[in-house]
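Quick note: residue numbers are just sequence positions, from 1.
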Amino acid sequence: MSEPRWQRRSDARPEEICEAALEAFVDKGFAATRLEDIARRAGVSKGTLYLYFADKETLFAEVMRTRITPSLDRVRWVLEADGLPFAELIERFFAGFAFMASASPIGGVAKMVISEGRNFPHLTEAWYASAVQPTFALLQAAVERAQARGEVRAGNARLLTTQLVAPFMLSVLWRETFVPVGAEPFDLAEVAREHLRTLTQGLLISRETGS
């Protein structure tokens, strides 16, 4: 049996506090979460929490660094595989992103940032710096390389990149916002497969061939 949190080594406490904070932020949102709530979930005193983190903003930044960024890094490394054909690269990226978004609380954090970021701009800054900007930049660079090789049509690579990620953003936010009130969720793996098919084969059926 695992030890109670409060009996574990002191050097494990920051990790446990971050895990507890992530759970609390997703469950209650940033504004409604108190440091006392996080300390209670982590099995430490509020005073102990303050030994490691000065405030909620600092704690959220550490949650991003230790809990969200590593999950995204495992997906982003695919985009750095310059030798892959673009169709294979995005197939791997879509599958990895769908799995990561299904198995992690990243969607709950995204919803929290969108809903509360205006009142807490540090949330938006941390989310953009840790999650959005690095992933978007790598994906845009992959599009630009594919354009240079003649695999992707000419055009604004930044706008094309938004088209690649938009279905996943909608599906994840749909899950976090509407599924709790009864909406049917999207299967992210199926979204990935269908989105890839649409990108590689097109959406409209040719009137001449019927395909």
Side-chain angles (χ1 to χ4, degrees), residues 1-76 96-137 165-166 168-186 188:
M1 294 178 65
S2 61
E3 295 176 306
R5 285 178 174 175
W6 56 85
Q7 292 181 2
R8 296 179 187 169
R9 302 185 317 274
S10 60
D11 58 3
R13 285 175 181 164
E15 293 184 5
E16 294 168 354
I17 291 169
C18 285
E19 187 64 31
L22 177 58
E23 294 171 359
F25 290 149
V26 171
D27 288 347
K28 304 178 66 174
F30 189 81
T33 296
R34 302 175 304 165
L35 290 176
E36 297 96 308
D37 302 327
I38 296 171
R40 189 178 305 111
R41 286 176 184 249
V44 301
S45 68
K46 186 177 178 181
T48 298
L49 188 151
Y50 275 119
L51 291 176
Y52 300 100
F53 304 102
D55 49 41
K56 277 199 301 183
E57 286 78 7
T58 304
L59 179 50
F60 179 77
E62 185 66 6
V63 167
M64 290 297 304
R65 189 184 72 81
T66 62
R67 291 295 182 271
I68 302 300
T69 299
S71 296
L72 283 169
D73 284 344
R74 288 190 286 271
V75 176
R76 287 194 287 242
F97 191 90
F99 176 81
M100 181 272 299
S102 299
S104 77
I106 191 171
V109 178
K111 177 177 178 289
M112 183 191 74
V113 172
I114 291 171
S115 62
E116 301 189 59
R118 185 178 294 274
N119 294 327
F120 301 98
H122 284 92
L123 299 186
T124 308
E125 292 171 5
W127 176 257
Y128 180 76
S130 299
V132 176
Q133 195 279 331
T135 307
F136 196 91
V165 299
F168 295 104
M169 293 174 61
L170 174 61
S171 299
V172 169
L173 292 176
W174 179 283
R175 180 189 68 193
E176 300 298 330
T177 305
F178 301 121
V179 170
V181 295
E184 182 180 356
F186 289 100
L188 290 180

For F25 and I38: C-alpha separation, side-chain torsions, deciding distance, then whether side chain to side chain contact (heavy atoms under 4.5 Å, CB included) applies. CA-CA 9 Å; F25 290 149; I38 296 171; 4.1 Å; yes
Between M112 and K28, does the side chain to side chain contact (heavy atoms under 4.5 Å, CB included) criterion hold? Intermediate values first, please. CA-CA 9 Å; M112 183 191 74; K28 304 178 66 174; over 6 Å; no
Between E57 and F120, does the side chain to side chain contact (heavy atoms under 4.5 Å, CB included) criterion hold? Intermediate values first, please. CA-CA 9 Å; E57 286 78 7; F120 301 98; 4.2 Å; yes
Please evaluate residues L170 and F186 with respect to the criterion side chain to side chain contact (heavy atoms under 4.5 Å, CB included), reporting the C-alpha separation (whole Å), side-chain torsions for both, the decisive distance (0.1 Å), and the verdict. CA-CA 10 Å; L170 174 61; F186 289 100; 5.6 Å; no
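Looking only at distances, no side-chain donor or acceptor of E176 sits under 3.5 Å from a matching main-chain atom of K111. Under a 3.5 Å cut-off, the side chain of R67 and the backbone N or O of E15 do form a donor-acceptor pair. Although no hydrogens or angles enter the test, the distance criterion places a donor-acceptor pair under 3.5 Å between the side chain of T33 and the main chain of A24. Put simply, the side chain of K46 never gets that close to the backbone of L35: no donor and acceptor are under 3.5 Å apart.
Under the side chain to side chain contact (heavy atoms under 4.5 Å, CB included) test applied with I17, the options L59, V63, L51 reduce to a single match, L59.
Here the shortest heavy-atom pairing between E62 and C18 reads CG-SG, 3.5 Å. Across every non-hydrogen atom of P180 and R175, the tightest pair is CD-O, 3.3 Å. Here the closest non-hydrogen pair linking D37 and A32 is OD2-O, 3.9 Å. In terms of heavy-atom proximity, V172 sits nearest to A101 at CG2-CB, 4.0 Å. Nearest heavy-atom pair across V75 and G96 is CG2-O, 3.6 Å. Heavy atoms only, all atoms of each residue included: A39 and L49 are closest at N-CD1, 3.8 Å.
With contacts defined as side-chain heavy-atom distances shorter than 4.5 Å, the pair V109/F60 qualifies. Contact of the W127 side chain with the I68 side chain is registered, since non-hydrogen atoms from C-beta on lie closer than 4.5 Å. Proximity of M64 to E125: side-chain heavy atoms (C-beta onward) are nowhere separated by under 4.5 Å. Using a 4.5 Å cut-off on side-chain heavy atoms (C-beta onward), L72 and F97 make contact.
Rounding to the nearest 0.5 Å gives a distance of 12.0 Å between CG of L123 and CD1 of I114. Rounding to the nearest 0.5 Å places CG of L22 at 9.0 Å from CG of D27. If you take OH on Y128 and OG1 on T135, they are separated by 11.0 Å, rounding to the nearest 0.5 Å.
Between R13 and E16, no side-chain nitrogen of the basic residue sits less than 4.0 Å from a carboxylate oxygen of the acidic one, so the salt-bridge criterion is not met.
When the shell of 6.0 Å around CZ of F99 is examined, it contains 12 or fewer heavy atoms from other residues, nucleotides or ligands.
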